[in-house]
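In what follows, a single structure is set out as structure tokens and then discussed.
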Amino acid sequence: ISQQQDYGMRVEGEGEDEIGMLVASFNSMLEQIQQRDLAIRENADLFRGVFEQSINGIALSDEAGKLETLNQACAQITGLDPQQVIGRPLDELLRALTPANGASDSTMQTLLAMLPEFFRTGHAECLNQEQEGVIVRPDGTLRHIHYYLFALRTPRGPKLCSVIRDITRRVEAEAGLRHNLHFESLMLSISTRLVNLAGAEIKQEIQRAMGEIATFLGVDRIFIGQLEPAGPNLQVDCAWTAPGIDEMPGAIPLAVSAA
């Protein structure tokens, strides 16, 4: 029975003597083991279903610090191929996910530093804390992630489990919102200054404002102009150029295509 792992088998024999009682007791024990084994398998199947269908990425190490498994969501977020990475050391995978300018983001460095302590003691400062960081996928694209690490204790030692979520769109949206708010604040400041100026000072202030706008937009020149009534030129009324850049000409010839 133990070799075949078939706990549905039963010992034949009935009676009220010691052998019959032993057979009945043995069959009762097999029934309990069968029910327990069935419950374990059902729970394992349930866990596997939740694991695979989760929208959050989940990865689990073994007790030796190697990747034991990861779900489909984790593979999509990180770009890692399960067939190629399962069984590889975690520190090796973390280094592969570290951006080239990793010094500016200490996420991976912190995780790498905690691995030896974790697998030695089962404890680390960054466990059971919600954190954010940046990873680079094998295709070179960056992903902002929200992650949570916790330990699974086993008789052979601790396993490290991570739950991650891709927050790249949220981070980019927040950056875009901050950019727009900064630009709106800049334009409000410029408008306020222009309103309070006398006519003779307006052109100088406009040129200063153009420099502020160009710097904010990351360009090296900016101008205001109008088309000449009698000629294919653009008359430059006011311009700003960054240091080291040639000044704008007073008129810019416009290309006119032949009819």
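Bear in mind the structure is a predicted one, so any value in this text is a computation, not a measurement.
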(Q) Between Y147 and I77, does the side-chain contact (heavy atoms from CB on, under 4.5 Å) criterion hold? Intermediate values first, please. (A) CA-CA 12 Å; Y147 65 95; I77 294 171; over 6 Å; no
Spatial distance of atom [atom1] ([X]) from atom [atom2] ([Y]) [nearest 0.5 Å]:
| X | Y | atom1 | atom2 | value |
| --- | --- | --- | --- | --- |
| I167 | H146 | CD1 | NE2 | 7.0 Å |
| N128 | H123 | CG | NE2 | 10.5 Å |
| E63 | L152 | CD | CG | 9.5 Å |
| L112 | L94 | CG | CG | 5.0 Å |
| E247 | W240 | CD | CH2 | 12.0 Å |
| E201 | I206 | CD | CD1 | 12.0 Å |

For [X] against [Y], the heavy-atom pair lying closest together:
| X | Y | value |
| --- | --- | --- |
| D62 | A64 | OD1-N, 3.0 Å |
| L90 | S61 | CD1-CB, 3.6 Å |
| T78 | I164 | CG2-CD1, 3.9 Å |
| A239 | M248 | CB-CG, 3.7 Å |
| M114 | A124 | CE-CB, 3.6 Å |
| S54 | A73 | O-CB, 3.5 Å |

More than 12 heavy atoms of other residues, nucleotides or ligands under 6.0 Å from [atom1] of [X]: is that the case?
| X | atom1 | value |
| --- | --- | --- |
| R153 | CZ | yes |
| Q204 | CD | no |
| E125 | CD | no |
| D246 | CG | no |

So, the side chain of [X] versus the backbone of [Y]: is there a donor-acceptor pair under 3.5 Å, distance only?
| X | Y | result |
| --- | --- | --- |
| N71 | N56 | yes |
| E68 | G87 | no |
| T215 | G211 | yes |
| Q131 | Y148 | no |
| R137 | Q76 | yes |

**Q.** F183 and F216 aromatic ring geometry - parallel, tilted or perpendicular at 30°/60° bounds
**A.** tilted
Q. How about E132 and H144: does a side-chain donor come under 3.5 Å of a side-chain acceptor?
A. no
Among the clusters formed by ILVMFWY side chains lying less than 4.5 Å apart, do [X] and [Y] turn up in the same one?
| X | Y | answer |
| --- | --- | --- |
| I202 | I222 | yes |
| M187 | L194 | yes |
| V171 | I55 | no |
| L127 | L67 | yes |

Q) Between F223 and T241, is a side-chain contact (heavy atoms from CB on, under 4.5 Å) present by the stated rule, with each step listed? A) CA-CA 9 Å; F223 67 92; T241 55; over 6 Å; no
Q: Would you check, one step at a time, whether the test side-chain contact (heavy atoms from CB on, under 4.5 Å) holds for I58 with C74?
A: CA-CA 6 Å; I58 304 174; C74 185; 5.7 Å; no
Q: Kindly determine whether R208 and E205 satisfy salt bridge (charged side-chain N to carboxylate O under 4.0 Å, His left out), including the steps that lead there.
A: CA-CA 5 Å; R208 174 189 169 191; E205 185 59 34; 3.5 Å; yes
Q: Assess whether side-chain contact (heavy atoms from CB on, under 4.5 Å) is satisfied between I190 and R193, documenting all intermediate values.
A: CA-CA 5 Å; I190 291 173; R193 296 201 310 264; 3.8 Å; yes
